[in-house]
Structures are given as structure tokens and as C-alpha cells.
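Encoded as C-alpha cells, the structure appears first; notes follow it.
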Amino acid sequence: MILVTTVIDTLLYVCFAIVVGALLLHAIPNGYKPEIKMPKRLISFLALLIGILSFGPLLQLFVFFYGKRDFLTLVHTLILTTDSGRVWLITFLISIVLSLFLYFVPLDRVNSIIGLGVTFFLIILVSLSGHIASHSKTIGLLSQTLHFFLMAVWFGVLIVISFFSIKKENWKTFRSWFTPLSIIAIVIIAVSGLVMMKYTVPEYQSSWLLPYGEALLLKHLLYFLIILFGCINGFLLKKDMKLGWLRAEAIIIVIVLIITGFMTNSSPPYIVAETIEHGGISPLFEKFYQGAWVPEMSVALQGTSNSIPLFILAVVLLIVQLITFITGRNPYLFLVLSLVLVLIIFLALLLSITPSL
């Protein structure tokens, strides 16, 4: 079931990003963006999908109770008598209105800004069903909303430019506003992420013993990779528009969204020792760790006979990456090498874990 809900949430994030990115670009004057050819009906359809896919949090409850209650009674109970159900119903109805609005009105600057405002409200509604909102209706919800919206702005513009631009004109003027916007988004996403970690994984390093913490570690490593590609696109290749490098960056963000979808449908380890006591350590860490891990143990990091060779291999691969960029500048080869590097560092960190009492 978690595989299904992870796919649903990933698609939801992608839909939000494309709708936000498309509307933002429609609100920008033509002289400050490359020419884009994106069917308006596609934007409208993705807006409708937002309402459908946001049913994900209720789907698990529906599957759990299906067969135990009458179908109509179950639907009525889940949608009309629970907070999450009522929030979803409002989200779905607003997404229908937004979809019709985007389909029938011309996407000029004013209408695009209106659409962005409605989409931002939908993001607030979806954020209400997140882990953070259940712990903090103010700081937590605000952090989740900003994190979500700025991800959609950053990734949405990137994916629309990468896959729907048909000319390279105005690249310099596009960069003049998108590069600083990306920097602001990266900073706020990082800060809001740290705030959310206070509520979900207060024991960050110890959480690496569990699937949620391992996913978060991998997400953070990939985040550094996104920043690297952002620097390449924003500064090193600033003279010309390189769609291959933009698409490579977009692919990494999609991977991050898949991991985020998994985390959304997993239970955060608020207290790691209690989580281990009830469910044990993660299957991945169990394969690497030789011995028994008891809840009273805490995590310490030190070089081991297994982790040190991997760190050395990571350094070698980093040098190969640098040579690849200087000589060939093949974005997809550089992407593959980067993903392998992240995987090696991820495994090296897990293999560096030793118990501390």
C-alpha cells in the first residue's frame, strides 16, 4: 500500500509544481522568459488532478475499512465526518473550480496571478494533512506550506522551461530573475526543512537506524546535488541555455519528490528508542550492522573497515566527475556519476554507524 500512496503523492507534488510553474511564467512578461508552448488544457487537467490525487491520505483508511462497512456508509463517514475528509472535499471542489477557470479564461498576467493565489490556498489545505500540522498548527503548518510552495515554484519553473520551451531567446533576462529566486527558494526550503525536523526527527542522527531517517538522509544528500546542478546552470553555463543540464536537475528533483512521497506515508520516529523497541531497526541497516542493536544504544559515527574504502571511492568518483565536466560536459553522464556518488556516500555513512551507550 505504501508503494501506491508514494506514487500518488509524488504525482501530486509534480502536478502542483507544473501548475505553479506554468502560472508563474504566464505572469512574467514575454521579454523575461524563453518562448513556451504548453497546452492550456494540460494545465487545467493537472489542476483537476490535484484534487483527485490529494485523496491519498484517505485512501489508506478507505482500504483498511473496506469490506468491514457498507460502501456508502464508509464514504460518508470518511469524507463528511472526519477533519481530513472535509479538508479533502474542499480541496477537490476548489481544484474543480481552478481547473475550469484555467480552461476557459485567457492566461494573461492577472488571471495567472489569481490562479497562483488559488493554488497557494490548495497547498495550505494539502499541508493540513501532513505530519507537521498535527504537531503545530502555526509554526509547523507555516513551515510546511512555505517548504511546499517554494519547492513548487522552483521545480515548476525549471520543469516547464526544460520541457516546454521552444526557443532559447531571453535566456539572460530569464536568469536575471530566476537565479536569485532559486537562491531565495533554496534558503527558505532549507530553513523550513530544519524547522520541520524539530517536530518529525528531533534525533536526526539516530533516525538513520529507521526507514524514515534513512530516506531523510538520502534526501539531504540529493539536495546538495540539486544545489550543485543549480550552480552549474545558474553560473557556470550562464552564457547559453542548456536544456540537457536543466532536465538533469529536474530528474534529481523528481527523485527527491519520490523520497518525499515515501516519507509522507511513513511514520516519523519522534522518539527513536521507542520506535526501535516496537518495530526494530530498518531492514537496510540490519543488513549492514553485525550484531544486536538495543533501544538504549545511541548512534556514533566513526570510520570503519567498511566505510573508509567507500569514502575513498567517493573522492575518486568526485575527481572523475570533475574531469567529465571539464572535458565533455555530458549532463546525463554527469547525472549518473552524481547519483552513484550520492549512493556511495549514503552507504558509507550508514556503515560508519557504531553503537554508543
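Values below: all heavy atoms of this structure, side chains included; hydrogens, waters and symmetry mates excluded. The model shown is predicted, which means the values in this text are computed figures rather than measured ones.
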Sequence neighbours excluded, which residues qualify as salt bridge (charged side-chain N to carboxylate O under 4.0 Å, His left out) partners of [X]?
| X | result |
| --- | --- |
| Arg86 | Asp83 |
| Lys219 | none |
| Lys198 | none |
| Glu169 | none |

Please check if the side chain of [X] supplies one atom and the backbone of [Y] the other of a donor-acceptor pair under 3.5 Å.
| X | Y | value |
| --- | --- | --- |
| His76 | Leu72 | no |
| Lys287 | Ser282 | no |
| Ser143 | Ile139 | yes |
| Ser207 | Pro269 | no |
| Ser99 | Ile96 | no |
| Thr119 | Val20 | no |
| Trp245 | Phe229 | no |

Please report the shortest heavy-atom distance between [X] and [Y], naming the atom on each side.
| X | Y | value |
| --- | --- | --- |
| His147 | Ser192 | ND1-OG, 3.0 Å |
| Leu58 | Gly85 | CD1-CA, 3.7 Å |
| Tyr270 | Thr200 | CD2-O, 3.7 Å |
| Met151 | Leu257 | SD-CD2, 3.8 Å |
| Asn111 | Pro106 | ND2-O, 2.7 Å |
| Phe163 | Ala250 | CE1-CB, 4.3 Å |

Could you work out, with side chain to side chain donor-acceptor pair (under 3.5 Å) as the rule, every residue matching Thr5, not counting sequence neighbours?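 Partners of Thr5 by the side chain to side chain donor-acceptor pair (under 3.5 Å) criterion, ordered by chain and then number, come out as Asn265.
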Hey, mind stepping through Leu24 and Ser112 against side-chain contact (heavy atoms from CB on, under 4.5 Å) and telling me if it holds? CA-CA 7 Å; Leu24 179 59; Ser112 297; over 6 Å; no
Please report the interatomic distance [atom1]([X]) to [atom2]([Y]), rounded to the nearest 0.5 Å.
| X | Y | atom1 | atom2 | answer |
| --- | --- | --- | --- | --- |
| Leu125 | Thr91 | CG | OG1 | 4.0 Å |
| Ile90 | Ser54 | CD1 | OG | 11.5 Å |
| Ile345 | Ser307 | CD1 | OG | 12.5 Å |
| Ile8 | Leu3 | CD1 | CG | 10.0 Å |
| Asn170 | Ser165 | CG | OG | 11.5 Å |

Go through it in stages, so that I can follow the logic: the residues are Trp177 and Ile28, the test is side-chain contact (heavy atoms from CB on, under 4.5 Å), and I'd like the CA-CA distance, side-chain angles, deciding distance and then a yes or no. CA-CA 10 Å; Trp177 64 266; Ile28 298 294; 4.0 Å; yes
Do [X] and [Y] come close enough that some side-chain heavy atom pair is under 4.5 Å?
| X | Y | answer |
| --- | --- | --- |
| Leu102 | Leu23 | yes |
| Ile353 | Leu301 | yes |
| Leu222 | Leu225 | yes |
| Phe334 | Leu339 | no |

Is the ring centre of Phe148 less than 6.0 Å from the ring centre of Phe16?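 Yes, they do, as the ring centres are separated by less than 6.0 Å.
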Ring centroid separation for Tyr204 and His220, is it under 6.0 angstrom?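 Yes, the ring centres sit under 6.0 Å apart.
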side-chain hydrogen bond (donor to acceptor under 3.5 Å, both in side chains) evaluation trace for Thr173 with Ser176: CA-CA 5 Å; Thr173 53; Ser176 69; 5.6 Å; no
Passes ring-ring contact (aromatic ring centres under 6.0 Å, His included), Phe262 versus Tyr212? Steps please. CA-CA 8 Å; Phe262 168 79; Tyr212 188 98; 7.9 Å; no
Would a single hydrophobic cluster contain both [Y] and [X], if residues Ile, Leu, Val, Met, Phe, Trp and Tyr are joined by side-chain heavy-atom contacts under 4.5 Å?
| X | Y | result |
| --- | --- | --- |
| Tyr13 | Ile2 | yes |
| Leu243 | Val157 | yes |
| Phe224 | Leu217 | no |
| Phe235 | Ile232 | no |
| Val315 | Val342 | no |

Show me the donor-acceptor pairs, under 3.5 Å and distance only, between side chains in residues 182-191 and residues at least two apart or in other chains.
from	atom 1	to	atom 2	distance (Å)
Ser182	OG	Phe178	O	2.8

Please, which pairs that meet side chain to side chain donor-acceptor pair (under 3.5 Å) have at least one residue in residues 221-236, sequence neighbours excluded?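 Found Asn233-Glu249.
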Tell me, which pairs form a ring pair (Phe, Tyr, Trp, His ring centres under 6.0 Å) where one or both residues lie in residues 93-129, sequence neighbours left out?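 Those involving residues 93-129 are Phe120-Phe149.
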Tell me which pairs pass ring pair (Phe, Tyr, Trp, His ring centres under 6.0 Å) where either residue lies in residues 288-313, with sequence neighbours left out.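 Only Phe285-Tyr289, Phe285-Trp293, Tyr289-Trp293 qualify under ring pair (Phe, Tyr, Trp, His ring centres under 6.0 Å).
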Could you list the residues that satisfy side-chain contact (heavy atoms from CB on, under 4.5 Å) with Arg175, not counting sequence neighbours?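 Checked Arg175 against side-chain contact (heavy atoms from CB on, under 4.5 Å); matches are Trp171, Thr179, Lys238.
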Apply the test side-chain contact (heavy atoms from CB on, under 4.5 Å) to residues Met38 and Ile18: give CA-CA distance (whole Å), side-chain angles for both, the deciding distance (0.1 Å), then the verdict. CA-CA 11 Å; Met38 185 177 188; Ile18 295 177; 3.2 Å; yes
Which pairs of donor and acceptor atoms, one on a side chain in residues 321-328, lie under 3.5 Å apart (sequence neighbours left out)?
from	atom 1	to	atom 2	distance (Å)
Gln321	NE2	Ser338	OG	2.4
Thr324	OG1	Val320	O	2.8
Thr327	OG1	Ile323	O	2.7

Pair Ser206-Ser298, side-chain donor/acceptor within less than 3.5 Å: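 Short answer, no.
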Determine whether Leu142 and Thr138 satisfy the following criterion, side-chain contact (heavy atoms from CB on, under 4.5 Å), listing intermediate values before the conclusion. CA-CA 6 Å; Leu142 177 62; Thr138 52; over 6 Å; no
Which residue pairs pass the salt bridge (charged side-chain N to carboxylate O under 4.0 Å, His left out) test with at least one member in residues 9-35, sequence neighbours excluded?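 Sorted pair list: Glu35-Lys167.
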